[in-house]
Every structure is written in structure tokens, then in C-alpha cells.
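These numbers come from a predicted model, not from an experiment. In what follows, every heavy atom counts, from backbone to side chain, and hydrogens, waters and symmetry copies are set aside.
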Amino acid sequence: MSGCIALIVAGGRGHRLGGERPKQYLPLGGKEVLRHTAETFATHPKVVATRVVIHPDDRELYAHATSGLPLLDPVPGGKTRQESVRLGLESLEPRLPDYVLIHDAARPFVQAVTIERVLEALASGPAAIAAIPVSDTLKRQTEGQIIGDTVDRTGLWRAQTPQGFHFAAILEAHRKAMGKDLTDDAAVAEAAGMPVRLVAGSEENFKVTTPEDFARAERILRGEAGLLRVGQGFDLHRFGVGDHVMICGVPIPHSHGIDAHSDGDVGLHALTDAILGTLGEGDIGTHFPPSDPKWRGVDSAIFLQGALARLSKRGGRLRNLDVTLICETPKIGPHRGAMVARLAVLTGLSENAISVKATTMEGLGFIGRQEAIAAQAIATVVLPE
């Protein structure tokens with residue numbers, strides 16, 4: 001296997017957030033912390049596979065948190081984070097990826113654009129990590145919590161994850177570092193003499209560790225941290241020759257197909273336009289013109305993922321989707337659950353943040369005459385101030 005595999009480290013036993021569950025399995029905005037994290041990597045177009053390293057006692061918690069996600073089977077970790085990462089890397093050795101991204105499960109707000117920056121840096125070097133320049137004045141403490149001196153912050157950065165590496169190099173470095181007590185994978189790479197590049201991380205990409213962190217995370221998910229934007233989209237296609245239609249990513253048997261340049265998925269087209277509308281970046285035809293033959297017959301999920309990539313590049317996060325399908329036939333009700341589930345996989349949203357509804361035209365007009373199908377959609381996002 002070539003390409004990049006993500007390795008998410010979720011074997012910790014931290015309980016500082018309270019309760020009996022480790023923090024990575026606590027609910028956050030309606031789904032577990034780990035699920036937020038895993039969805040971002042599992043849906044990233046440049047990550048070919050994702051594996052989670054877990055504590056052996058957490059298999060049931062893991063299975064519940066990641067149900068339905070396209071992940072590799074989890075592997076058990078070790079007594080320390082460093083040992084867990086090495087075991088995770090060794091489990092990937094038969095797949096021989098070019099690159100590996102190592103990420104902490106308790107950083108649920110990693111953005112696709114941060115992943116992209118780390119991967120771009122790996123094209124010209126063996127290692128790169130997301131990090132934030134230190135902006136606060138630093139003080140060194142002596143006995144009795146008295147300031148001993150002020151530390152020069154020039155050139156200092158706060159390390160985050162993902163930390164990316166050429167796979168063979170970091171596996172060898174971890175094997176050589178066995179028995180040492182190093183604080184992160186970049187330190188393992190440094191000990192092996194590998195140059196590690198720093199790329200811009202994000203203040204939102206913080207580690208959820210304390211109750212205060214958890215409260216901050218909940219505020220972010222509620223949209224209380226950032227600029228709320230709402231966009232709307234509409235799409236319509238004639239029925240044509242065929243035996244099925246694609247609606248919200250789900251193939252539905254039908255007496256007709258769709259007359260369209262792509263696969264004609266009105267649900268995904270309307271949702272794509274709604275997300276682009278939140279950004280003020282035109283519509284689906286601007287970015288995926290029907291005059292371009294490369295879009296002929298393609299899966300409309302490509303268009304939706306393109307809009308989501310633009311949202312991520314702006315530092316934004318999708319909060320909810322609402323789509324209304326307008327048609328006499330086919331009947332939407334029997335397929336609504338599958339549509340919601342498919343949209344959850346494509347967008348990383350929880351299913352309770354996605355609404356799929358249907359209505360008819362009561363036999364009126366060209367839709368009422370069963371000549372066409374339409375959809376309208378609304379998307380809500382939060383952008384940085």
C-alpha cells in the first residue's frame with residue numbers, strides 16, 4: 001500500500017474529566033471525543049486508511065464510538081504512549097504506507113487544512129508536525145512558586161498533532177528509542193537525527209484534558225466560538241433513461257434515471273451549493289462546470305467533499321444540514337435513514353445534526369407530472385471571527 005495512513009492514539013486511561021470512562025470515550029456534542037477525531041481522518045481524501053490504538057479493556061467502548069466508520073481494525077497499545085505508538089506502527093508494517101500521521105484521540109478539532117499542511121511538508125522532508133508559536137511570556141519557577149527568571153520565547157513553539165513522518169524512518173526510530181522516555185513522536189525523530197519541520201497548527205486543535213477544556217469544546221460545538229453563517233442551495237433535474245436515481249448518496253431503484261452531466265444527485269448538489277453559500281464562494285457550476293468532461297457521470301460526493309475542503313481551508317466547521325427533496329416518485333421515506341447515514345459519513349456530522357425530508361407537488365407542474373425531481377438545502381457553519 002502506498003499513500004498515507006493515520007494512526008490515532010487512544011490507549012490512555014485519563015479520567016480527569018470525571019466519570020468512569022477515559023476522556024476519549026466521553027460524549028461531546030452528541031458523539032464521543034474519539035469519533036470526532038476519527039471522522040476527520042477517515043473522510044480526508046489524502047488518508048487512505050485510519051487505525052486506532054486502544055487499551056485492551058476498551059474494545060466495547062471503541063466499537064460503540066466508531067460504529068459505521070471505515071476504519072482498520074484497532075490494535076492494543078502498551079503501558080506508555082511511546083510503546084503504544086510503536087505497536088501501532090508495527091501493525092501497519094505489512095501495509096507499507098509511504099507516510100504515517102500520528103494523532104492524539106483527545107484532539108477532536110483537528111482540521112483538514114492542518115492535515116494537508118503536514119502532508120505537504122512530508123513531500124520535502126522526513127518529518128513534520130503541527131505547532132503553534134509561543135506568544136505568552138514564559139517564566140521559570142523556583143521553590144515556593146517564585147519566578148526564577150524569564151525564558152526567552154524566541155523560536156519556541158507548542159507542539160500539537162498530527163505529527164507526520166516517512167513511515168519506514170519513524171518505525172526504525174521508534175524501535176531504536178525503546179526504553180527511553182520521550183514526550184512525543186517528534187522527540188523520537190529528533191533522537192534519531194531526523195530533521196522535523198514545523199507547520200502551522202490551530203488554536204482550536206487543543207487537547208481535551210481538563211473540565212475547562214471540555215467546557216471550551218462544548219462551546220465550540222454549540223457555535224458560541226466563531227461567526228455563524230447559513231447558506232441555502234437548490235437543484236433540479238429531469239428524469240431520463242435508466243433504472244435508478246442517486247439521492248443524497250444512496251442509489252434508489254426507479255423506472256427512470258436522471259438526465260444530468262454528473263450522476264445527477266439533486267440532494268448532494270443542493271447541499272454543495274448551501275455550503276458554498278456560507279462561504280460566499282459561488283455555486284457548484286463555478287467550481288465543477290458541466291462543460292468540463294471530467295465531471296461526466298462522476299459521483300456527486302466529490303462535489304460535496306470539494307465544498308467541505310473549502311470550508312476547512314477557511315478554518316470553518318459544519319454544524320448541521322437540512323435537505324428537502326421534492327418529488328412524486330420515488331418514495332423517499334423507505335430510504336431516508338440510509339440517506340442520513342450516508343451524509344453522516346460524507347460530512348463527519350452526527351446523524352442527529354442531519355435532516356432529510358420529502359414533499360410532493362400534489363400533482364402540479366412538471367414535478368407533479370413526474371418529469372423531474374428537485375431538492376433544496378440549508379447548511380449552518382461556524383467560521384473564525
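Looking at heavy atoms from C-beta onward, V134 lies out of side-chain contact with W157 at the 4.5 angstrom threshold. Side chains of I146 and Q141 form no contact here, defined as non-hydrogen atoms less than 4.5 Å apart. Between L101 and C4, the closest side-chain pair of non-hydrogen atoms falls below 4.5 Å. Between D181 and T80, every side-chain heavy-atom pair lies at or beyond the 4.5 Å cut-off. By the 4.5 Å heavy-atom criterion applied to side chains, P108 and V208 are counted as neighbours.
Note on V85: it clusters hydrophobically with L171, by side-chain heavy-atom contacts below 4.5 Å among ILVMFWY residues. Note on L34 and I102: separate hydrophobic clusters, where clusters join Ile, Leu, Val, Met, Phe, Trp and Tyr whose side-chain heavy atoms are under 4.5 Å apart, directly or indirectly. L268 and F239 fall within the same hydrophobic cluster, defined by Ile, Leu, Val, Met, Phe, Trp and Tyr side-chain heavy atoms under 4.5 Å apart, directly or through other members. V75 and L69 sit in two unconnected hydrophobic clusters of ILVMFWY residues. Membership requires side-chain heavy atoms under 4.5 Å apart, directly or through other members. Residues V323 and I252 fall within the same hydrophobic cluster, defined by Ile, Leu, Val, Met, Phe, Trp and Tyr side chains chained together at heavy-atom separations under 4.5 Å.
Evaluated for a side-chain contact (heavy atoms from CB on, under 4.5 Å) with I378, the options L271, V230, T324 yield exactly one hit, V230.
To the nearest 0.5 angstrom, R153 atom CZ is 10.5 Å from T150 atom OG1. Atom-to-atom distance recorded for D263:CG and H269:NE2 is 5.5 Å, nearest 0.5 angstrom. Atoms CG and CZ, on D283 and F303 in that order, are 12.0 Å from each other to the nearest 0.5 Å. Between atom CD of residue Q370 and atom SG of residue C327 there is a gap of 9.5 Å, rounded to the nearest 0.5 Å. Here E116 contributes atom CD and K313 contributes atom NZ; the two are 9.0 Å apart, rounded to the nearest 0.5 Å. The distance from the CD1 atom of I354 to the SG atom of C248 is 9.5 Å, given to the nearest 0.5 Å.
At a cut-off of 3.5 Å, with distance as the only test, no side-chain donor of S291 or H261 sits close to an acceptor on the other residue. Residues Q163 and D184 have side chains that bring a donor and an acceptor to within less than 3.5 angstrom of each other. S355 and D322 share a donor-acceptor pair across their side chains, judged by distance under 3.5 Å alone. Under the 3.5 Å distance criterion, with hydrogens and angles disregarded, a donor-acceptor pair is assigned to the side chains of R197 and S124. Inspection of the T37 and H103 side chains reveals no N or O donor paired with an N or O acceptor under 3.5 Å.
Under a 3.5 Å cut-off, the side chain of S312 and the backbone N or O of A112 do form a donor-acceptor pair. A donor-acceptor pair under 3.5 Å is formed between the side chain of E328 and the backbone N or O of M361. A donor-acceptor pair under 3.5 Å is absent between the side-chain atoms of R317 and the main chain of V382, judged by distance alone. Looking at N205, its side chain never comes within 3.5 Å of a backbone N or O of G201 through a donor-acceptor pair. Between the side chain of T278 and the main chain of G231, no donor-acceptor pair closer than 3.5 Å is present.
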field: From CA spacing to verdict: salt bridge (Lys or Arg N to Asp or Glu O under 4.0 Å), E203, R158
entry: CA-CA 10 Å; E203 289 291 351; R158 291 186 283 123; 2.9 Å; yes

field: Pair S91-R51, side-chain hydrogen bond (donor to acceptor under 3.5 Å, both in side chains): steps then yes or no
entry: CA-CA 9 Å; S91 78; R51 168 163 282 165; 3.0 Å; yes

query: Under the side-chain contact (heavy atoms from CB on, under 4.5 Å) criterion, do L383 and V381 qualify, and how do the steps go?
result: CA-CA 7 Å; L383 294 174; V381 307; 4.3 Å; yes

query: Between H256 and H244, is a ring-ring contact (aromatic ring centres under 6.0 Å, His included) present by the stated rule, with each step listed?
result: CA-CA 6 Å; H256 293 78; H244 75 282; over 10 Å; no

task: Applying side-chain contact (heavy atoms from CB on, under 4.5 Å), run through F165 and M194 and close with a yes or a no.
output: CA-CA 10 Å; F165 308 91; M194 295 165 58; 4.2 Å; yes

- request: Would you sort out whether L325 and K357 count as a side-chain contact (heavy atoms from CB on, under 4.5 Å), showing the intermediate values?
  value: CA-CA 6 Å; L325 302 165; K357 307 185 300 296; over 6 Å; no

message: Quick one, I367 with I373, criterion side-chain contact (heavy atoms from CB on, under 4.5 Å). Give me CA distance, side-chain angles, the key distance, then yes/no.
response: CA-CA 6 Å; I367 294 179; I373 182 172; over 6 Å; no

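Around the CG atom of D292, the shell of radius 6.0 Å holds more than 12 heavy atoms that belong to other residues, nucleotides or ligands. The 12-atom threshold is not exceeded at CD of E60, counting heavy atoms of other residues, nucleotides or ligands nearer than 6.0 Å. Crowding of L364 atom CG: a count of heavy atoms from other residues, nucleotides or ligands under 6.0 Å exceeding 12. Remark: R238 CZ is loosely packed, at most 12 non-hydrogen atoms of other residues, nucleotides or ligands lying under 6.0 Å away.
Here the two rings, on Y25 and H64, have centers that are 6.0 Å apart or farther.
Under the side-chain contact (heavy atoms from CB on, under 4.5 Å) criterion, L87 pairs with E83, E90, not counting sequence neighbours. Listed by chain and residue number, A353, T380 satisfy the side-chain contact (heavy atoms from CB on, under 4.5 Å) test with N320 (two or more places apart in sequence, or in another chain).
Using a 4.0 Å cut-off between charged nitrogen and carboxylate oxygen, E39 and K31 count as a salt-bridge pair. Look at E93 and R86 and you find no salt bridge, because none of the NZ, NE, NH1 or NH2 atoms lies under 4.0 Å from a carboxylate O. Salt bridge annotation for E204-R216: absent, with no cationic side-chain nitrogen under 4.0 angstrom from a carboxylate oxygen. Taking the charged nitrogens against the carboxylate oxygens, R81 and D185 do have a contact shorter than 4.0 Å, which makes a salt bridge.
Contact between P162 and I115 at its shortest, heavy atoms only, is CG-CG1, 4.3 Å. The heavy-atom pair separating L61 from R21 by the smallest distance is CD2-NE, 3.8 Å. Heavy-atom minimum distance, Q305 versus L346: NE2-CD2, 3.8 Å. Considering every non-hydrogen atom in both S202 and I132, the closest pair reads N-CD1, 3.4 Å. Shortest non-hydrogen contact noted between K23 and A106 is CE-CB, 3.9 Å. Nearest heavy atoms, T40 versus V110: CG2-O, 3.5 Å.
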Show me, pair by pair, the donor-acceptor contacts under 3.5 angstrom made by side chains of residues 330-343, not counting sequence neighbours?
none

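Using bins of under 30°, 30° to 60° and over 60° for the plane-to-plane angle, the ring pair H36/F109 lands in the tilted bin.
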